[in-house]
Amino acid sequence: MSNWNSVYQIAGIRIDISSSIGDPTAYLLRDMPSFAAGEPGATDLAISLRYLDETRTALPHPFPSHFGLENREGGLSFDGLQEGRTRLGFINAGYVEAELGVPHPGTTGRTGEEEAVREAVQAFLRACLQCRLTAEGGTLMHAAGIVWEDEGFVFTGHTRAGKTTLSRGFSVAAVLGDDLVAVRREGSGFTLYGTPWPGREGGTVAYGGAPLRAVFNLHPGSGEGLFRQSPAEALAELASNAPRMGYGGEESKLLEVFSSLVEAVPIYRLSIRLGDDVTPYLQRVSTREVGGDREDRP
């Protein structure tokens, strides 16, 4: 029976987290309180946290530090990957209910295992959110999200492409996230949202959203300039940087989302040096049609 409950709103999705393990705040993200839902209303996704023995799952030793999803009857199994697969949680086929088991306090014991449990909870929350987002025509993206003149801009790329450095060039109020943001189809366009997950350097995250104006694929150190990508080029690059959990059917869902995204939103290749000011590029994109002019320099 639940003895702790809180509702959060991330990327427009209301998530009800209940717990029979007591207050799970230590397992949650530092910025989760910023995403607490202020208004009452129906929830889109209910997540329950229980002890593993309540779910009839034996405690794996050592506790896994890597996780994945696998198709099972009725939904997706959230498994710890450690010398095989151990089911830790389950997300139902409609992505409206999910359950995760965690070990009793003091039963892990080995150095680093408590942090592994915390990582499991956060990985499960991300997986639940991603599953619901793809069902709603959206996805998480490894990217920085910036709001500039009331429009949203995504800067995506590999781990050292400069997302966090770029976000530091803006005021904290303008940054929705420096590592993991969400985009979601709404009407004829997409909306950019912040998520509670900052980068490894403990960067900035914020609740809120903005109409998505453009996406920039970052290519630092490869010559300065802005190049509008074709839908095929953009689709290939966006798909290569998408977060994945590895279950069957995931690729087709991501391709469907990104195919809609590249048709609705202009996608650019942006080549800059780390630390350069990107606002001249935002100004160009916001105030004029690029059309057939495939290259642009401030």
Side-chain angles (χ1 to χ4, degrees), residues 6-17 25 28-45 47 122 125-157 162-216 218 238 241-243 257 260-261 264-267 278-279 281-283 285-286:
S6 191
V7 178
Y8 304 92
Q9 184 158 303
I10 306 173
I13 295 172
R14 291 174 62 90
I15 302 174
D16 185 325
I17 301 178
T25 302
L28 300 180
L29 295 144
R30 68 175 195 199
D31 293 294
M32 282 294 281
S34 300
F35 291 79
E39 298 294 330
T43 56
D44 301 305
L45 172 63
I47 299 174
Q122 294 184 28
L125 293 179
R126 287 195 302 271
C128 290
L129 177 62
Q130 175 70 342
C131 286
R132 187 60 197 239
L133 273 171
T134 55
E136 299 276 352
T139 183
L140 295 170
M141 295 181 70
H142 287 303
I146 304 297
V147 178
W148 187 79
E149 295 190 353
D150 300 321
E151 293 184 309
F153 297 86
V154 164
F155 298 86
T156 187
K163 300 183 293 292
T164 298
T165 301
L166 183 149
S167 68
R168 289 173 179 163
F170 294 85
S171 69
V172 171
V175 181
L176 290 179
D178 70 338
D179 185 68
L180 194 68
V181 297
V183 296
R184 182 179 172 185
R185 185 84 193 217
E186 294 183 1
S188 60
F190 277 76
T191 301
L192 166 66
Y193 289 98
T195 78
W197 289 278
R200 293 183 178 180
E201 299 176 26
T204 302
V205 302
Y207 173 83
L212 181 59
R213 178 65 183 85
V215 175
F216 299 93
L218 293 174
L238 291 174
N241 288 325
V257 172
S260 296
L261 179 63
V265 177
I267 316 293
V278 299
T279 54
Y281 296 106
L282 303 187
Q283 181 71 28
V285 168
S286 294

Visitor: So, using side-chain contact (heavy atoms from CB on, under 4.5 Å) as the criterion, who are the partners of S188 when residues are at least two apart?
Guide: none
Visitor: F155: what forms a ring pair (Phe, Tyr, Trp, His ring centres under 6.0 Å) with it, not counting sequence neighbours?
Guide: F216
Visitor: Quick check: do R30 and P198 have side-chain heavy atoms less than 4.5 Å from each other?
Guide: yes
Visitor: Is there side-chain contact between L45 and R14, with at least one heavy-atom pair below 4.5 Å?
Guide: no
Visitor: Do F153 and L192 come close enough that some side-chain heavy atom pair is under 4.5 Å?
Guide: no
Visitor: So, applying side-chain contact (heavy atoms from CB on, under 4.5 Å) with T156, which one of L238, V181, I267 is it?
Guide: L238
Visitor: Just to verify, what does A11 make a side-chain contact (heavy atoms from CB on, under 4.5 Å) with, not counting sequence neighbours?
Guide: L133, A182, Y193
Visitor: Who pairs with A135 by side-chain contact (heavy atoms from CB on, under 4.5 Å), at least two apart in sequence or on another chain?
Guide: Y95
Visitor: Decide yes or no for T139 and V183: does some side-chain heavy atom of the first lie under 4.5 Å from some side-chain heavy atom of the second?
Guide: yes
Visitor: Suppose we screen for ring pair (Phe, Tyr, Trp, His ring centres under 6.0 Å). Which residues come up paired with F35, at least two apart in sequence or across chains?
Guide: Y207
Visitor: Side chains of W197 and L125: does their closest heavy-atom pair fall under 4.5 Å?
Guide: yes
Visitor: My understanding is that only residues two or more places apart in sequence, or in another chain, count here; which of them pass side-chain contact (heavy atoms from CB on, under 4.5 Å) with S260?
Guide: R185, F190
Visitor: Checking side-chain contact (heavy atoms from CB on, under 4.5 Å) against T43, which of V7, I17, I15, I13 comes through?
Guide: V7
Visitor: Decide whether E151 and S286 meet the rule of one side-chain donor and one side-chain acceptor closer than 3.5 Å.
Guide: yes
